[in-house]
Amino acid sequence: MKKITLAVVTFCSIVAFGQKVSDYKYISLPSKFTTFKEDFGLGEMLTKTLRSKNYTVIPSDKLQWPAEAQSNPCNVLMADIINDSGFLRNKVLVQFKDCNDKVVSSAKGASNIKEYKEGYQDALKQTFVSISPANPVAQTSPAKVQEAITTTSAQTVANNSSSSVDNTALKFSNGKTDLQKIQIDNSQFILVNSNSSSPFATFKATTKSDVFRVKLQNGESTLGYYENGNIVIEMPVSGGDYSKEIFYKK
């Protein structure tokens, strides 16, 4: 039970670390950047750029957020522009944090222009190349993760305390690796190796039934799907090809 709970907790950290800015739809900007005495037009520049890349820019006041963002704040990234200037150059650091205050992405820009407004704006422009267009995926809220931990722990206790309880086919194997499926919510689950503290793979639902976007333990992304009750992962191999890896239900 401890191993399973640890795996789910570790999963939260890995997902947070593995996320990209493009995984989000909503980005919140503060009314004032605390490290700047004035805005210098930076907020307007960042807002315009984010909107051009299909992000929905929302204020820092959560009461003004859309209902979708209010219902799950983990669907929102917090953006900030930090004054990182040195003695001779105007520098900025653009930072994006998730709902757990973890840095998802950051980018630095620097300018030789000495005037503050022009220099800061020139430095900020250099960071925009690192921001990919929005391609949002659902983010797991802390409440859902805790629910998954509680549910998984309760199921484990029940299975260990009564031999009459059916172990509802949550275990899968490819003959070399034994994995356990842990459902996070209706749209995502993970496969956990009992010998590892991190998920073997994370699955997120697509618009097609029983087909999932998969992020492997090494950070690579691929596809997975159900086939005759088994789980299939298209494993990346050299040359840009994929091999079919079947994990049979035990």
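Bear in mind that the values here come from a model prediction, so they are computed numbers and not experimental data. Counting begins at 1 with the first residue of the sequence.
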Handout entry: Polar side-chain atom of Asn174 near backbone of Lys176 as donor-acceptor pair, under 3.5 Å
Key = yes
Handout entry: Verdict with reasoning, Ile184 to Thr202, per side chain to side chain contact (heavy atoms under 4.5 Å, CB included)
Key = CA-CA 10 Å; Ile184 301 301; Thr202 65; over 6 Å; no
Fill in the blank from the handout: Interatomic distance, NZ@Lys244 vs CD@Glu234, rounded to 0.5 Å, equals 9.0 Å
Fill in the blank from the handout: For Ser106 and Val103 the tightest heavy-atom approach is CB-CG1, 4.4 Å
Exercise for the section: Write out all pairs satisfying ring pair (Phe, Tyr, Trp, His ring centres under 6.0 Å) with one or both partners inside residues 214-250, taking only residues at least two apart or from two chains. Expected result: Phe200-Phe247, Phe212-Tyr226
Exercise for the section: Ignoring hydrogens and angles, tell me if any N or O in the side chain of Ser22 forms a donor-acceptor pair with the backbone of Ala134 under 3.5 Å. Expected result: no
Problem - Pairwise distance CD1(Ile190) to NZ(Lys215) - rounded to 0.5 angstrom - result: 14.0 Å
Problem - Distance (rounded to the nearest 0.5 Å) between Asn193 CG and Asp178 CG - result: 7.5 Å
Handout entry: Tyr55 side chain reached by Leu77 side chain, heavy atoms, under 4.5 Å
Key = no
Problem - Student check: side-chain heavy atoms of Ile233 and Thr222 closer than 4.5 Å - result: yes
Practice task
Kindly work out whether a path of hydrophobic side-chain contacts (I/L/V/M/F/W/Y, heavy atoms less than 4.5 Å apart) joins Ile231 to Leu223.
Solution key: no
Problem - Nearest non-hydrogen partners of Leu124 and Leu46, listed with the distance - result: CD2-N, 4.4 Å
Practice task
Please check if Val232 and Leu191 belong to a single hydrophobic cluster, counting links between Ile, Leu, Val, Met, Phe, Trp and Tyr side chain heavy atoms closer than 4.5 Å.
Solution key: no
Problem - No-hydrogen, no-angle side-chain donor-acceptor test under 3.5 Å, Gln188 and Asp185 - result: yes
Handout entry: Considering all heavy atoms, the nearest Pro73-Cys99 contact
Key = O-CB, 4.0 Å
Handout entry: Check: Asn75 side chain, Tyr26 main-chain N or O, donor-acceptor pair, under 3.5 Å
Key = no
Problem - Validation row: Asp80, Lys97 side chains within 4.5 angstrom (heavy atoms) - result: no
Exercise for the section: Please check if the side chain of Ser28 supplies one atom and the backbone of Pro59 the other of a donor-acceptor pair under 3.5 Å. Expected result: yes
Practice task
Scan for salt bridge (charged side-chain N to carboxylate O under 4.0 Å, His left out) pairs involving residues 24-49, sequence neighbours excluded, and state none if there are none.
Solution key: Lys25-Glu68
Practice task
Check the hydrophobic clustering (I, L, V, M, F, W, Y; side-chain heavy atoms under 4.5 Å; chains of links allowed) and say if Leu42 and Val57 are grouped together.
Solution key: yes
Exercise for the section: Spell out, as yes or no, whether a donor-acceptor pair under 3.5 Å connects the side chain of Lys53 to the backbone of Ile131. Expected result: yes
Practice task
Give the cluster check for Leu50 versus Leu93: same hydrophobic cluster or not, with ILVMFWY residues linked at side-chain heavy-atom distances below 4.5 Å.
Solution key: no
Handout entry: Donor-acceptor pair, side chain of Gln64 and main chain of Ile58, under 3.5 angstrom
Key = no
Completion exercise
Correct closest heavy-atom pair for Ala123 and Ser111 would be N-CB, 3.9 Å
Exercise for the section: For the pair Lys20 and Asp23, find out whether any cationic side-chain nitrogen is under 4.0 Å from an anionic carboxylate oxygen. Expected result: yes
Fill in the blank from the handout: CD of Glu115 to CG of Asp122, rounded to nearest 0.5 Å, is 11.0 Å
Exercise for the section: In sequence, state the C-alpha distance, the side-chain angles, and the governing distance for Val92 and Lys108, and then conclude on side chain to side chain contact (heavy atoms under 4.5 Å, CB included). Expected result: CA-CA 6 Å; Val92 300; Lys108 290 185 177 182; over 6 Å; no
Exercise for the section: Taking atom CG of Asp61 as the centre, report whether more than 12 heavy atoms of other residues, nucleotides or ligands fall under 6.0 Å from it. Expected result: yes
Practice task
Identify whether Ile113 and Tyr116 are in the same connected component of the hydrophobic contact network (ILVMFWY, side-chain heavy atoms under 4.5 Å).
Solution key: no
Exercise for the section: Return yes if some donor-acceptor pair links the side-chain N/O of Gln180 with the main-chain N/O of Val192 below 3.5 Å, else return no. Expected result: no
Handout entry: CG-CE distance between Leu216 and Met235, expressed to the nearest 0.5 angstrom
Key = 5.5 Å
Handout entry: Under 3.5 Å: donor-acceptor pair, side chain of Asn228, backbone of Asn230
Key = no
Problem - Side-chain touch Val76/Lys62, heavy atoms, less than 4.5 angstrom - result: no
Handout entry: Gap between atom OG1 of Thr34 and atom CD1 of Ile82 - 0.5 Å precision
Key = 7.5 Å
Problem - Close side-chain approach of Ile81 and Phe40, heavy atoms under 4.5 Å - result: no
Handout entry: Side-chain donor or acceptor of Thr206 paired with backbone N/O of Val211 under 3.5 Å
Key = yes
Exercise for the section: Anything under 30° is parallel, anything over 60° is perpendicular, the rest tilted; go ahead and classify Tyr120 against Phe36. Expected result: perpendicular
Problem - Which atom of Gly229 lies closest to which atom of Lys249, heavy atoms considered - result: O-CE, 3.4 Å
Exercise for the section: Quick one: closest heavy-atom pair of Arg89 and Asn112, and the distance? Expected result: NE-OD1, 3.1 Å
